[in-house]
2 protein chains.
Amino acid sequence: MRIGELARATGTKAETIRYYEREGILPAADRTDSNYRDYSEDHLTTLTFVRRARELGFSMAQVRELLALSDHADKPCQDVDQLVRDQLIEVDRKIEDLTALSNKLKEMVRACEGERIGDCRIVESLGGKNCAISRVSDPRG
Amino acid sequence: MRIGELARATGTKAETIRYYEREGILPAADRTDSNYRDYSEDHLTTLTFVRRARELGFSMAQVRELLALSDHADKPCQDVDQLVRDQLIEVDRKIEDLTALSNKLKEMVRACEGERIGDCRIVESLGGKNCAISRVSDPRG
DNA sequence: TATGAACCTTGTAGCGACTACAAGGTCAAG
DNA sequence: CTTGACCTTGTAGTCGCTACAAGGTTCATA
């Protein structure tokens with residue numbers, strides 16, 4: 001498949017795909033006789049992963065790490081175990097936060113359906129001190 | 001509370017806090033006699049919310065929307081109902097993706113514990129065509 | 001009282017991750 | 001044989017910070 005098709009299939013700009021190749025995020029595609037990039041199903045899978053991971057707030061560096069983990073899934077385990085656990089903690093924390101936010105939004109929908117006009121303050125889902133976990137360390141480095 | 005304290009409490013640079021104020025993300029703080037910004041508990045809550053929402057992949061524009069929803073929680077409901085529903089769809093989609101990723105990572109941890117060396121290919125959690133939802137439209141505008 | 005850290009201001013510039021556009025060329029379908 | 005999708009290199013713009021400069025004020029402490 002050519003770059004345009006891959007772009008349409010993943011909702012990514014062709015320029016961004018070439019950018020990912022330059023950055024080593026996406027492996028270089030084979031080339032046709034006419035020097036067009038020729039992508040495989042694996043490329044589609046990887047690019048889809050990259051886009052979703054980015055949407056979920058992972059940095060390029062973290063995406064690189066996750067891709068590397070994936071590549072080494074059947075290699076020596078001890079090497080990657082801690083990395084996997086660290087990622088898992090972050091992922092589960094994100095799920096917790098999003099679940100809290102989702103619940104607040106659902107509360108609002110119910111309130112709007114007229115069941116009851118509640119005081120649905122969205123910010124409290126993630127911002128309140130009554131939040132499940134109190135995190136203080138810098139979240140972005 | 002002064003800017004440094006708020007910065008430490010939220011893991012945000014003081015410069016970023018002032019930037020948020022310029023951008024209208026965080027309401028301007030009161031000033032002390034000596035012209036220092038004087039933040040309230042509400043500021044802390046809001047800033048915590050903003051930082052977490054950003055971590056979760058929401059753009060500044062989306063954060064603005066969420067804050068606006070929060071402000072209008074007790075205002076005419078019909079106006080914001082569709083906005084809330086749209087946000088809810090996006091949030092729940094993120095939760096789904098993260099849950100899939102979390103499961104893959106947990107699989108890897110189990111494999112590393114020696115129970116069984118599986119073929120935990122992380123990319124398949126978000127990248128596979130066997131993914132729950134197949135999304136095609138551009139994810140970032 | 002003086003040092004130094006923490007704050008204030010305005011302004012500029014860098015970074016990460018794209019996104020866009022230019023300029024010039026190749027290739028394949030209608 | 002034109003049109004559109006692709007190729008290349010390069011530059012520059014956007015968003016969301018982040019850093020640093022330069023100059024000034026405030027405040028705790030030695």
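These numbers were taken from a predicted model, which means no experiment stands behind them.
Remark: B:R31 is in phosphate contact with C:dT9, judged by side-chain N or O atoms under 4.0 Å from OP1 or OP2. The shortest distance between the side-chain N/O atoms of B:R51 and the OP1/OP2 oxygens of D:dC17 is below 4.0 Å.
Between A:R2 atom CZ and C:dT26 atom P there is a gap of 17 Å when expressed in whole angstrom units. In this entry the distance linking CZ of A:R54 with P of C:dA17 reads 6 Å, nearest Å. Taking atom CE on A:M60 and atom C1' on C:dC18, their separation rounds to 8 Å, with Å as the unit.
When distances run from any side-chain atom of A:R37 to the nucleotides D:dC17, C:dA17, D:dT8, the shortest one goes to D:dT8. The listed nucleotides are D:dG16, C:dC8, C:dC18; the one nearest the side chain of B:S59 is D:dG16. In the set D:dA5, C:dC7, C:dT19, the nucleotide with an atom closest to the side chain of A:Y36 is D:dA5. In this structure, of C:dT19, D:dC7, C:dC27, it is C:dT19 that holds the atom nearest to the side chain of A:K13.
The stretch residues 18-26 of chain B touches DNA chain D through B:Y19, B:Y20, each having a heavy atom within less than 4.0 Å of the strand.
Side chains of A:Q62 and A:Q87: no donor on one and acceptor on the other come within 3.5 Å.
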Would you be so kind as to tabulate the donor-acceptor pairs closer than 3.5 Å made by side chains of residues 19-29 of chain A, with sequence neighbours excluded?
residue : atom : partner : partner atom : Å
A:Y20   : OH   : A:R51   : NH1          : 2.9
A:E21   : OE1  : A:R37   : NE           : 2.8

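Distance alone, capped at 3.5 Å, is enough to place a donor-acceptor pair between the B:K94 side chain and the A:E55 backbone.
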